[in-house]
Amino acid sequence: KKEAAPKKEAAPKKEAAPKKEAKGDKKGKDAAGAEASPPSAEDLEKKRKDKLKKVIKEGGKRGVEIEGAADMGGLQFFCTSMETPEGDLELLVESMTAMNAKSDPTEEERKGGSGHIGKMIFSAGTEHLAVVAYVPEEKQSALSCEEWLTAVLKSQGGEVKQAAKDVSTGIVKANPDKGVFPLKIREPMILEANNFLRKLGLFPEDNGDSDDEYVFGDDDFPSM
């Protein structure tokens, strides 16, 4: 009986330790290997395509909403913010294209349909605020797309990236030292865009009420 006790103690010590360590080592190596490998060009392209799909879907849906809201309020122009592009100017242009696409009445879910309504859309990223302005052909005699965008960008020290009669684009770079943050300046710039239109008689006058009813997607604006 006295001899049996040390044998029982020795056996589990020898067996247990090395097996557990070996498994742990393998896991550690696998995890490290996975973390070290950067995303491939294919992965990045797939991610971009997936993002584009979401941008087009959001733009198409917002186009329908803008058409309904503008028609109800008798508006010729509409200013709003878009979340999905996250400040990517190229994707924001795609968003505008999706808004303006002709609606297909045979489709179960309507998309676009707001090509007859002038728009300025904004999207905040970490490094800058992207802005895209659109003026349909029939309204270009009343409003210069380039002038409209330039005036709005100038209010926050932004720059025009591309100017044309129908679509113009620009950005406002973030500047923490001067208190310029993309999310913070987005709403004031939407109001600036509306006020520019008011001066030309292209937007309803402010009767003391806030512009909230004309700024689509108030929920998009975080309380800061």
Side-chain angles (χ1 to χ4, degrees), residues 26-67 78-115 117-136 145-146 149 152-153 156 158-176 180-186 189-190 216-217 219-222:
K26 280 182 185 174
K27 281 181 186 173
K29 282 174 187 172
D30 290 347
E35 284 170 16
S37 58
S40 66
E42 287 176 5
D43 290 340
L44 292 171
E45 191 180 344
K46 184 181 182 299
K47 195 176 179 183
R48 180 81 177 177
K49 281 181 179 175
D50 290 344
K51 179 95 169 172
L52 179 59
K53 277 184 188 175
K54 289 177 183 175
V55 166
I56 290 171
K57 186 177 180 182
E58 183 192 42
K61 187 180 175 187
R62 187 64 60 87
V64 173
E65 292 167 346
I66 286 174
E67 181 193 26
F78 216 91
C79 302
T80 186
S81 62
M82 304 301 288
E83 296 297 319
T84 314
E86 296 180 316
D88 187 310
L89 194 56
E90 194 179 313
L91 289 178
L92 193 59
V93 171
E94 292 289 350
S95 180
M96 181 70 83
T97 302
M99 287 182 186
N100 294 338
K102 286 186 178 178
S103 286
D104 185 348
T106 61
E107 284 188 337
E108 192 176 329
E109 189 182 353
R110 283 186 67 225
K111 296 188 284 286
S114 66
I117 298 159
K119 290 179 283 292
M120 190 176 288
I121 57 177
F122 302 76
S123 184
T126 51
E127 295 178 5
H128 60 249
L129 180 76
V131 190
V132 177
Y134 163 75
V135 178
C145 185
E146 185 181 355
L149 179 69
V152 174
L153 289 172
Q156 296 290 344
E159 59 179 298
V160 175
K161 287 292 185 183
Q162 180 187 324
K165 288 183 178 180
D166 52 352
V167 177
S168 295
T169 66
I171 61 167
V172 180
K173 290 179 182 175
N175 188 339
V180 177
F181 299 96
L183 275 174
K184 195 176 178 183
I185 62 172
R186 185 176 59 181
M189 286 183 73
I190 288 176
F216 186 87
D219 292 341
D220 291 343
F221 304 132

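The shown structure was predicted, so the numbers you read here are calculated from the model rather than taken from an experiment. Only this structure's heavy atoms are used, side chains among them; waters, hydrogens and symmetry mates stay out.
- Of all the heavy atoms in P182 and L129, the pair that sits closest is O-CD1, 3.7 Å.
- Residues L52 and L91 are in side-chain contact: their nearest non-hydrogen atoms beyond the backbone lie under 4.5 Å apart.
- Annotation: side-chain contact (heavy atoms from CB on, under 4.5 Å) contacts of E90 (sequence neighbours excluded): R48, D88.
- Each salt bridge (Lys or Arg N to Asp or Glu O under 4.0 Å) pair with one or both residues in residues 98-109, not counting sequence neighbours, appears once here: E107-K111.
- Of all heavy-atom pairs between C145 and A133, the closest is SG-O, 3.5 Å.
- Here the side chains of P176 and F181 are in contact, with some heavy-atom distance below 4.5 Å.
- Of the possible polar contacts, one joining the T97 side chain to the V93 backbone as a donor-acceptor pair under 3.5 Å is found.
- Take E67 and apply the salt bridge (charged side-chain N to carboxylate O under 4.0 Å, His left out) test, not counting sequence neighbours, and it matches R110.
- Within the 4.5 Å cutoff, side-chain heavy atoms of L149 are placed close to those of M120.
- Between the NZ atom in K119 and the OG atom in S95 there is a gap of 10.0 Å [rounded to 0.5 Å].
- Although no hydrogens or angles enter the test, the distance criterion places a donor-acceptor pair under 3.5 Å between the side chain of S123 and the main chain of M82.
- R62 places no side-chain N or O within donor-acceptor distance of the main-chain N or O of A98, the cut-off being under 3.5 Å.
- Other residues, nucleotides and ligands place more than 12 heavy atoms under 6.0 Å from the NZ atom of K51.
- Salt-bridge check for D50 with K46: passed, with a basic side-chain N closer than 4.0 Å to an acidic carboxylate O.
- Atom CG of residue N100 and atom OG of residue S114 lie 5.0 Å apart, to the nearest 0.5 angstrom.
- For the atom pair CG (L89) and CD1 (I171), the distance works out to 7.0 Å, reported to the nearest 0.5 Å.
- To the nearest 0.5 Å, atoms CD (Q156) and CD1 (I185) are separated by 5.0 Å.
- For the pair E58 and P85, the minimum side-chain heavy-atom distance is below 4.5 Å.
- T169 contributes atom OG1, which lies 5.0 Å from atom CD of Q162 (distance to the nearest 0.5 angstrom).
- Summarising the geometry, atom SG belonging to C79 is positioned 13.5 Å from atom CZ belonging to R186; distances are rounded to the nearest 0.5 Å.
- A salt bridge links E45 with K49: at least one charged nitrogen is closer than 4.0 Å to a carboxylate oxygen.
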